[in-house]
Amino acid sequence: MSNESKALAAKAQKLSGKKIGNALLNNALIIIMLLVAVYVAITQPSFLSASSLINLLSLTAAYLPVALGIAGCIVLTGTDLSAGRAVGITACIAASLLQKSDIANKMWPSIGALPIPVVIIIVVAIGAFIGAFNGFFVAKFKLHPFIVTLATQLILYTILLFYVQAGNNNGMAISSLTDEYRNFVVGNPPLLNFAGGSIQIPNYVIYAILLTGLMWFIWNKTTFGKNMFALGANEEAARVSGVNVFLTTIAVFALAGAMYGWAGFVESARIASNTANTGVNYELDAIAACVIGGVSFVGGIGKISGIVIGVIMLRLIFVALPLVGMDQNLQYAIKGGIILFACALDMRKYLVKK
């Protein structure tokens, strides 16, 4: 082999090694989280029990719609700090409209329990309106989404505090939901016979799978999805290419809000007792899951599959850590560390590309 061939082979080997090294570093967070999960599975065999895995799947499905919504905002180089409060207010509204008619402390005694499809439309529309409100201020006045959604978060919390004190509720938890509502969301028909019994998962897991498929279609097979990524990658280039920046921005935030509305509808029945603290900090979990899953804050980068993996990984850690005796009060510090680490890796990838 000539010296030139040897040099080319050495260069190719070096590049290959560098690519492998970059790939390992870029996925370092997921690898670390998987190693933690493996350690817990070895030391705590109950972690891999059917009930534990179903609990993990259920928690993933509950948090996934918020992550699917907020991911679009991150693709636009933004974020949405109002997501948790949007979940909270739509959850309380859904609960108040689907309370049993014969309870003494029914919030709106003059209104019977509305049909479930009507309530879904109401809360999804409210969520979409909240998102469109955020998107309008971002698109019209070129305000940073951080500032706009922080302001919306505070406004929504104020409205929520007044709402839970309205009617006959007097600030109490909104509970006593209709059986139809609870069964629609958390009912668990047997899906698989296993060891003489049956594995049951809540209905909202199935809804989350369907919603994920819908969002994948919107992101990858529609003009709106292509415009969203083009806008996130380079706003000026997207505008020159004919993308309506104003309407696309509003639509992305409105779609995110619709996801929060659906998440609130599910969360209301899932916890069955709703207060002004329902949905608090859900946006932190969603942002962490998105950055773990590779949705880039530099814009224009993200996959639905990555978001799903991110939510699963995050839930995996928070299901696993209590099993090894870790204080749950540390979870916020862990979330903060995950976000910092994931964003640092994301920025490193961006700088390497440049």
Side-chain angles (χ1 to χ4, degrees), residues 30 33 53-76 79-80 83-84 86-87 90-91 94 117 120-121 123-124 127-128 131 184-189 191-192 199-229 232 251-270 279 282-296 300-319 342:
I30 292 179
M33 296 171 85
L53 293 177
I54 290 172
N55 180 48
L56 173 64
L57 184 63
S58 301
L59 289 172
T60 299
Y63 285 88
L64 184 56
V66 184
L68 290 173
I70 214 167
C73 304
I74 296 175
V75 167
L76 294 188
T79 188
D80 191 344
V87 170
T90 52
I120 292 175
I121 292 171
V123 295
V124 168
F184 180 81
V185 174
V186 300
N188 47 3
L191 294 182
L192 179 66
I199 294 177
Q200 296 180 317
I201 62 173
N203 286 333
Y204 64 84
V205 173
I206 301 172
Y207 304 149
I209 293 171
L210 295 175
L211 195 62
T212 301
L214 175 63
M215 289 297 286
W216 180 90
F217 179 82
I218 292 172
W219 274 35
N220 296 282
K221 299 297 180 181
T222 66
T223 302
F224 165 73
K226 293 183 176 74
N227 290 345
M228 178 183 74
F229 281 100
V252 169
F253 278 88
L255 179 60
M259 294 298 103
Y260 310 152
W262 171 259
F265 175 81
V266 169
E267 190 68 2
S268 174
R270 190 176 78 90
Y282 275 33
E283 67 277 359
L284 300 183
D285 287 347
I287 293 170
C290 287
V291 294
I292 291 169
V295 183
S296 177
I301 300 172
K303 293 182 178 179
I304 295 296
S305 58
I307 299 166
V308 175
I309 291 171
V311 175
I312 292 173
M313 287 292 100
L314 198 62
R315 291 299 105 203
L316 189 66
I317 288 299
F318 292 115
V319 168

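Here, residue 1 is the first one in the sequence, and each next residue gets the next number. For the numbers below, each heavy atom of this structure counts, side chains included, while hydrogens, waters and symmetry mates do not.
Contacts of Y204 classified as ring pair (Phe, Tyr, Trp, His ring centres under 6.0 Å), with partners at least two apart in sequence or in another chain: none. For S305, the side-chain contact (heavy atoms from CB on, under 4.5 Å) partners at least two apart in sequence or on another chain are K303. Shown here are the salt bridge (Lys or Arg N to Asp or Glu O under 4.0 Å) partners of E283, two or more places apart in sequence or in another chain: there are none. Partners of W216 under the ring pair (Phe, Tyr, Trp, His ring centres under 6.0 Å) rule, at least two apart in sequence or in another chain, do not exist in this structure. The side-chain contact (heavy atoms from CB on, under 4.5 Å) search around V291 returns F297, A342, C343, not counting sequence neighbours. For T90, the side-chain contact (heavy atoms from CB on, under 4.5 Å) partners are V123, I126, not counting sequence neighbours. Applying the side-chain contact (heavy atoms from CB on, under 4.5 Å) criterion to F318, with sequence neighbours excluded, gives L314, R315, Q331, I334, K335.
Going from atom CD1 of I287 over to atom OG1 of T79 covers 3.5 Å, rounded to the nearest 0.5 Å. Once rounded to the nearest 0.5 Å, the distance linking CD1 of I312 with CG of L56 reads 7.0 Å.
Judged purely by atom type and a 3.5 angstrom limit, T212 uses its side chain to pair as donor or acceptor with the backbone of A208.
S268 and A91 make their closest contact through OG-O, 3.1 Å (heavy atoms, listed as atom of the first residue, atom of the second, distance). Of all heavy-atom pairs between G69 and A256, the closest is O-CB, 3.2 Å. The two residues V252 and M228 come nearest to each other via the heavy atoms CG2-CG, 3.7 Å. Nearest approach of A83 to V66, heavy atoms of both residues: CB-CG1, 4.0 Å. Here the closest non-hydrogen pair linking M215 and M259 is SD-SD, 4.0 Å. Of all the heavy atoms in I307 and A67, the pair that sits closest is CG2-CB, 3.8 Å.
V185 has its side chain out of reach of P202: every pair of non-hydrogen atoms, C-beta onward, lies at least 4.5 Å apart.
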Please lay out, stage by stage, how F184 and N203 fare under the test side-chain contact (heavy atoms from CB on, under 4.5 Å). CA-CA 7 Å; F184 180 81; N203 286 333; 5.7 Å; no
Before you tell me yes or no, could you show the steps for I309 and I292 under side-chain contact (heavy atoms from CB on, under 4.5 Å), namely the whole-Å CA-CA distance, both residues' side-chain angles and the distance that decides it to 0.1 Å? CA-CA 8 Å; I309 291 171; I292 291 169; 5.8 Å; no
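Screening residues 257-266 for side-chain hydrogen bond (donor to acceptor under 3.5 Å, both in side chains) gives D80-Y260 as the qualifying pairs, with residues at least two apart or on separate chains. Here salt bridge (charged side-chain N to carboxylate O under 4.0 Å, His left out) pairs that include residues 257-267, with residues two or more places apart or in two chains, are E267-R270.
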